[in-house]
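Scope of the values below: all heavy atoms of this structure, side chains included, with no hydrogens, waters or symmetry mates. In what follows, chains are A, B, ... by sequence order, proteins preceding strands, each numbered from 1.
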There are 2 protein chains.
Amino acid sequence: MDQPARKVLIADDEPDIREFLQYNLSAEGYEVFTAKDGDEALEKAKRIQPDLIVLDVMMPKKSGVEVCQLLRSQSAFKDTIIVMLTALNDDGSHIKGLENGADDYIGKPISPKVLVSRINALFRRLSKPKTTVLNVGTISINPEQYIVSVDGKEISLAKKEFELLYLLAHRPGRVFLRNEILNQVWGNEVIVGDRTIDVHIRKIRQKLGVDCITTVKGVGYKFEL
Amino acid sequence: MDQPARKVLIADDEPDIREFLQYNLSAEGYEVFTAKDGDEALEKAKRIQPDLIVLDVMMPKKSGVEVCQLLRSQSAFKDTIIVMLTALNDDGSHIKGLENGADDYIGKPISPKVLVSRINALFRRLSKPKTTVLNVGTISINPEQYIVSVDGKEISLAKKEFELLYLLAHRPGRVFLRNEILNQVWGNEVIVGDRTIDVHIRKIRQKLGVDCITTVKGVGYKFEL
DNA sequence: TGCAGAGTTAATAATAACTTAATATTTAAA
DNA sequence: TTTAAATATTAAGTTATTATTAACTCTGCA
């Protein structure tokens with residue numbers, strides 16, 4: 001059985017362009033969704049969680065640049081590939097796009113071949129392996145089931161606890177600074193006190209019953225058995 | 001409303017009839033495509049993969065009957081609903097159509113109401129999820145009839161309830177995010193509130209009487225016994 | 001026409017998750 | 001050894017998320 005098809009969301013107000021992209025990317029095996037303005041793009045992006053989003057710079061409701069900014073401010077889209085679609089003559093806009101977190105830009109008009117190869121290249125370059133089951137010693141962490149088992153015994157962790165443990169455990173031995181932890185688990189928009197991390201660490205230690213998280217005083221925490 | 005809009009392909013050589021059908025079926029929420037002869041019908045059917053095809057019996061290039069035969073010989077169209085469109089006076093042709101794999105026939109002329117209700121009825125009757133019976137522990141889930149049995153006792157679920165349960169149960173243990181659930185069960189075109197999921201989950205739990213759906217707070221739901 | 005069921009929403013209640021604050025303990029440097 | 005800084009622990013306070021219920025719409029159907 002092969003992977004689920006990669007999902008691509010196309011946002012452009014011109015039906016011709018939507019159809020052009022949709023046709024060519026579908027033929028390439030991508031699962032394609034479309035939106036006709038900025039608001040719809042945001043709404044669908046949230047729902048569909050696409051792997052790649054193509055945003056026309058000029059769109060009704062919200063411009064591609066705005067949409068890009070809004071998406072990038074949400075941690076759910078930190079790994080989503082965003083491509084801006086610009087008319088070749090509107091010179092500065094692609095730069096603006098890149099500054100706002102886009103991964104690439106494509107100028108209109110574009111040939112089907114170039115389009116497809118650019119998109120393929122982006123996936124090759126940027127797509128990260130999906131999260132998988134983590135096995136460290138006797139501990140197994142399964143993000144798909146949101147379950148942690150120790151010696152075969154299943155232990156349920158709350159969301160933040162789970163994410164924190166996963167972060168630490170996916171690179172055993174490496175020390176994570178408190179800042180890093182806050183960024184990865186809480187996101188950089190959220191502000192919480194430092195004690196919050198401690199409390200979560202404590203709960204994990206308590207629930208797992210195994211001493212696998214080491215404090216590195218003045219620095220952070222690391223996972224090791 | 002459910003799923004992305006259903007696609008209907010209309011093949012008839014008379015522009016008036018095409019427009020009549022297109023207008024009435026579009027108004028009903030279907031996504032309508034048209035073709036004006038048999039060859040075009042075949043070509044578009046392949047490209048569009050419609051859920052339902054209306055074929056006029058008398059068409060240039062290839063007759064509806066021929067098109068029907070050709071489509072049915074391809075596995076990609078084995079589940080496509082095919083309706084033949086016949087003039088009332090040409091008596092034997094609908095029988096020929098049915099012999100050749102059509103699911104129904106509609107006589108011309110036809111009123112908009114009747115047309116729409118016939119098409120709707122066909123979808124209700126024929127477009128079933130063609131998936132297999134699922135057995136998980138003491139629970140057995142039968143997609144053919146939207147029936148679930150627990151300890152041999154049959155319980156009937158509504159469509160959405162069933163689809164939701166089926167989604168969760170076909171991968172026991174795996175957590176489905178609310179987004180995923182919305183996508184899979186409601187389709188990405190439909191916008192419904194988050195509480196809707198809860199209500200359906202509740203009904204399933206209530207009807208089954210077995211605690212098999214676990215809430216993963218802040219994440220989603222999973223099926224497990 | 002009105003009933004029945006499916007589906008949705010909205011309002012409120014319940015609960016689990018998360019955060020904070022206060023206090024205790026540990027750690028490492030002076 | 002002392003001391004200050006950092007972390008651990010605990011309990012309590014807040015918030016966010018889900019559960020529940022009831023009402024409302026829509027559609028099909030007797």
> Given B/Pro50, which of B/Val32, B/Ile81, B/Leu9 fulfils the side chain to side chain contact (heavy atoms under 4.5 Å, CB included) condition?
Replying inline: B/Leu9

> Does a side-chain N or O from A/Arg202 land closer than 4.0 Å to OP1 or OP2 of D/dA8, or not?
Replying inline: no

> Can you check the A/Phe176 CZ to D/dT7 P distance for me, whole Å?
Replying inline: 17 Å

> Among the nucleotides D/dA8, D/dT18, C/dC18, which one has an atom lying closest to any side-chain atom of B/Arg195?
Replying inline: D/dT18

>> Can you tell me which nucleotide in C/dT19, D/dA8, D/dA19 comes closest to the side chain of A/Thr215?
In response: D/dA8

>> Any side-chain N or O of B/Arg178 below 4.0 angstrom from OP1/OP2 of D/dT18?
In response: yes

>> Can you say whether a donor on the side chain of B/Lys217 sits under 3.5 Å from an acceptor on the base of D/dT17, or the other way round?
In response: yes

> Charged N to carboxylate O under 4.0 angstrom, B/Glu161 versus B/Lys207?
Replying inline: yes

>> Quick check: on DNA chain D, is the nucleotide nearest A/Arg205 upstream (toward 5') of the one nearest B/Gln206, or the reverse? Name the residue that is more 5'.
In response: A/Arg205

>> What is the distance, to the nearest angstrom, from the CG atom on A/Asp194 to the P atom on D/dA5?
In response: 15 Å

>> Looking only at side-chain N and O atoms, does A/Glu154 offer a donor or acceptor that is under 3.5 Å from a partner on A/Ser149?
In response: no

> Closest to the A/Thr196 side chain: C/dT19, C/dA17, C/dA6?
Replying inline: C/dT19

> Which of these nucleotides, D/dA19, D/dT9, C/dC18, is closest to any side-chain atom of A/His200?
Replying inline: C/dC18

> CD1 of A/Ile201 versus P of C/dC18: gap in Å, rounded?
Replying inline: 14 Å

>> From CD1 of A/Ile197 over to C1' of C/dA17, roughly how many Å is that when rounded to an integer?
In response: 17 Å

> Over how many whole Å does the gap from B/Lys160 atom NZ to C/dT9 atom P extend?
Replying inline: 11 Å

> Between C/dC18 and A/Trp186, is there an OP1 or OP2 to side-chain N/O distance shorter than 4.0 Å?
Replying inline: no

>> Do A/Arg174 and A/Phe176 form a cation-pi contact, if we require the NZ or CZ to be under 6.0 Å from the six-membered ring centre and within 45 degrees of the ring's axis?
In response: yes

> Of all the choices, D/dA19, C/dC18, D/dT20, which nucleotide is nearest to the side chain of B/Tyr221 once you look at every atom?
Replying inline: D/dA19

>> Measure CD1/A/Ile181 against C1'/D/dT7 and give the value in whole Å, please.
In response: 13 Å

> Roughly how many Å is it from NZ in B/Lys203 to P in D/dA22, rounded to a whole number?
Replying inline: 13 Å

>> Between A/Lys62 and A/Asp37 (salt bridge meaning N to carboxylate O under 4.0 Å), is one present in this structure?
In response: no

> The side chain of B/Lys159 lies closest to which of these nucleotides: C/dG7, C/dC18, C/dT20?
Replying inline: C/dG7

> Between A/Ile191 and B/Gly193, who's closer to the 5' end of DNA chain C by nearest nucleotide?
Replying inline: B/Gly193

>> What is the separation between atom CG on A/Leu165 and atom P on C/dC18, rounded to the nearest whole Å?
In response: 14 Å

>> Nearest to the side chain of B/Asp198, heavy atoms from C-beta on, is which of D/dT7, C/dG7, D/dA19?
In response: D/dA19

> Which of these nucleotides, C/dG7, D/dT21, C/dC18, is closest to any side-chain atom of B/Val199?
Replying inline: D/dT21

> Got a second to check how far A/Asp56's CG is from A/Arg18's CZ, nearest 0.5 Å?
Replying inline: 10.5 Å

